[in-house]
Amino acid sequence: MINMKKENKILGNKLESLILDSIVEGVFTVDADMKVTYFNKAAEKITGVDRNKAVGMYCFNVLKSNICENNCPIRLSFKTGNETINKHKNILRSDGKKIPVTLNSSVLRDNEGNMIGGVETFRDLSPIVELQKEIEKRYTFDDIVTKSPEILKIFDVLPNIAQSESSVMIQGPSGTGKELFARAIHNLSFRKAGPFIAINCGALPDSLIESELFGYVKGAFTDAKKEKPGRFELAENGTLFLDEIDSLPMSTQVKLLRVLQEKTYEPLGSTKSKKSNVRILSASKNNLLNLVNKEKFREDLYFRLNVVKIELPPLSARRDDIPLLINHFIYKFNHKMSKHVTGVSHDVLTTLMRYNYPGNIRELENIMEHCFVMCKNDEIQINDLPAEISDIDIELPQAFDTIQNLEKGKIIELLEKNNWDKSKTAKELGIDRTTLWRKIKKFKIEH
Amino acid sequence: MIMLNTKTILFPIYNNLISPRLDYTRHFKIFTIQNGKVIKKELVEQYDKSPEQILEFIKRVKPDVIICNGIPYTYFVQLDYYEIELHCWLAGNVDDIFSEYLNGKINRNKPFCISK
């Protein structure tokens with residue numbers, strides 16, 4: 001009888017374990033000292049922390065949430081005895097990515113009702129948040145994926161730029177993320193609670209651009225049956241983003257200049273001026289100064305718009321970002337298409353690293369989306385790439401390979417000479433220790 | 001002439017343990033060492049600061065070394081760009097880990113595995 005009870009208990013425990021490891025929510029328990037006592041499979045998947053390593057660790061070192069220090073729900077439950085339901089927070093996964101989650105927590109009690117610890121369940125909200133972000137376009141700097149020194153230089157000054165009221169000109173080839181930067185600037189500014197209104201000046205015919213920008217009153221022209229607010233009015237107390245500003249006709253440039261100078265404008269057909277409290281961000285893929293010199297763009301307007309200038313490099317000038325962007329798009333499309341692609345094959349990575357991307361990041365995103373549609377496995381293969389990419393015979397010039405090999409050889413030689421002392425090696429090479437570390441990582445040099 | 005080797009080491013802290021998150025920490029302990037000896041110790045509070053403000057604070061302090069636990073990848077990239085020596089994903093008592101650092105027992109660990 002006792003053996004049967006024991007067997008049933010073991011089966012019972014196995015069944016409980018099976019249930020907890022089958023659900024999609026992360027579940028963990030802690031003791032009274034906040035150390036993890038149980039960690040289910042989903043918790044391991046969401047956090048990236050091995051469940052065997054998690055047990056015994058402080059829960060804040062496992063979850064690394066933004067509320068661990070000052071608003072921990074488990075500690076609150078310990079204090080009040082109450083449950084926490086549906087609290088939103090973000091946790092830091094072991095790859096440094098922030099994961100939005102919703103959690104519930106409560107006190108864990110034994111059969112006698114004594115508190116023995118706490119239990120928390122949490123659910124990954126990434127698919128919902130990613131979709132929301134795409135719909136509402138609430139991008140921030142976390143959404144700009146880069147380790148390019150050129151872009152990091154821009155990041156350095158961006159908070160100052162964002163929090164000023166200055167007009168910003170963002171220049172860069174097509175598909176380099178000009179609107180993403182504009183939205184990130186708006187979301188970091190004091191105007192972030194206000195609207196962000198974008199208008200592509202190149203997409204509208206010259207005859208319509210004025211009415212779009214400034215609006216019109218009833219009867220302003222034949223088809224004006226009722227009043228329509230313009231983009232300036234819609235962007236009131238917020239930000240107006242003028243994309244492809246180089247396409248603006250001269251007559252509209254004059255009116256835009258007046259708004260920037262006087263902070264007032266008149267809707268078409270109206271005799272009453274309206275005040276404007278709008279910050280202007282503009283973008284152009286062409287060098288506006290060249291257009292000014294050719295008298296195709298007003299110089300006075302150029303200086304008003306170009307108080308702060310940000311230049312975005314083409315993707316071909318920031319190849320180090322390509323693997324990061326690939327990972328970013330894998331993450332994005334996994335959520336969008338409910339797939340489980342884990343990465344790209346070595347051949348695919350080589351091909352994508354060598355391609356020139358005339359369409360920049362937008363083109364890379366399209367290529368990845370194509371791969372996702374074609375991919376039948378968990379790893380993207382060479383035949384999943386668009387034909388025009390995989391068919392190109394891309395070869396690096398021989399000289400480039402030779403220089404790279406020389407550099408790698410020299411680093412290995414000095415590391416071995418200095419007994420793998422990186423400080424000494426960096427000094428001999430005449431570079432900073434951090435730079436040496438980056439090169440070791442780049443050339444995959446192992447001790 | 002004796003060369004003085006001065007270094008500042010910054011720890012985000014939480015009850016004298018390394019704080020779980022650099023971007024949401026409320027206290028920093030900053031050690032200044034010279035020729036391997038501690039010459040200054042500061043505790044700096046950063047209550048009610050956003051993650052962006054904390055990043056700006058760190059950039060202003062410009063420590064030579066940061067020893068921390070969790071750090072968002074985007075922050076790692078920015079601080080690495082500043083050529084700050086970064087030791088991440090370390091948990092434990094600040095004084096113990098600081099001691100290990102002074103004794104050269106902390107190797108610069110591989111910060112992130114971002115594929116798969």
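Please read these numbers as outputs of a predicted model, since none were measured by experiment. The chains referred to below are lettered A, B, ... by the order of the sequence lines, with proteins before strands, and numbering in each begins at 1.
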If you count heavy-atom pairs within less than 4.5 Å of chain B, which of A:K147, A:K64, A:K422 leads? A:K64

Measuring from B:Y73:OH to A:R93:CZ, what's the distance to the nearest 0.5 Å? 13.5 Å

Give, as side chain, backbone, both or neither, the part of A:L188 having an atom under 4.5 angstrom from any heavy atom of chain B. side chain

Please report the shortest heavy-atom distance between A:N61 and B:N69, naming the atom on each side. OD1-ND2, 3.0 Å

If you count heavy atoms of other groups shown closer than 6.0 angstrom to NZ of A:K332, is the number above 12? yes

Under 4.5 Å heavy-atom distance to chain A, tell me which part of B:L22 shows up: side chain, backbone, both or neither. neither

Are side-chain heavy atoms of A:K153 and B:Y81 found at a separation under 4.5 Å? yes

Side chain from CB out, backbone as N, CA, C, O: work out which of these in A:N160 comes under 4.5 Å of a heavy atom of chain B, or both, or neither. neither

Under the side-chain contact (heavy atoms from CB on, under 4.5 Å) rule, what do B:V77 and A:F155 come out as? Steps first, then yes or no, please. CA-CA 11 Å; B:V77 162; A:F155 272 27; over 6 Å; no

Might you work through the side-chain contact (heavy atoms from CB on, under 4.5 Å) test for A:N90 and B:R21, ending with a clear yes or no? CA-CA 11 Å; A:N90 71 69; B:R21 287 271 291 258; 2.8 Å; yes

Here the pair of heavy atoms bringing B:Y14 nearest to A:C68 is OH-O, 3.9 Å

Which answer fits A:P159, side chain, backbone, both or neither, if we ask what part of it has an atom under 4.5 Å from a heavy atom of chain B? side chain

When rounded to the nearest 0.5 angstrom, what distance separates CG in B:D23 from NZ in A:K98? 5.0 Å

What part of A:D156 lies closer than 4.5 angstrom to a heavy atom of chain B: side chain, backbone, both or neither? both

Would you mind checking which part of A:Y331 comes under 4.5 Å of any heavy atom in chain B, side chain (CB onward), backbone (N, CA, C, O), both or neither? neither

side-chain contact (heavy atoms from CB on, under 4.5 Å) assessment of B:D80 paired with A:W437: CA-CA 11 Å; B:D80 185 50; A:W437 176 78; 4.2 Å; yes

Can you tell me which portion of A:I91 sits under 4.5 Å from chain B's heavy atoms? Options are side chain, backbone, both or neither. backbone

Heavy-atom count check: over 12 atoms from other residues, nucleotides or ligands less than 6.0 Å from A:F78 CZ? yes

For chain A, which of B:I18, B:N15, B:T25, B:L17 has the most heavy-atom pairs under 4.5 Å? B:T25

Inspect the surroundings of CG in A:N419 and state if more than 12 heavy atoms from other residues, nucleotides or ligands are less than 6.0 Å away. no

Considering only heavy atoms, give the residues of residues 45-68 of chain B separated from chain A by less than 4.5 Å, sorted numerically, with 'none' for an empty result. B:E52, B:E56, B:K59

With rounding to the nearest 0.5 Å, note down the distance linking CD in A:E69 to CZ in B:R26. 6.5 Å

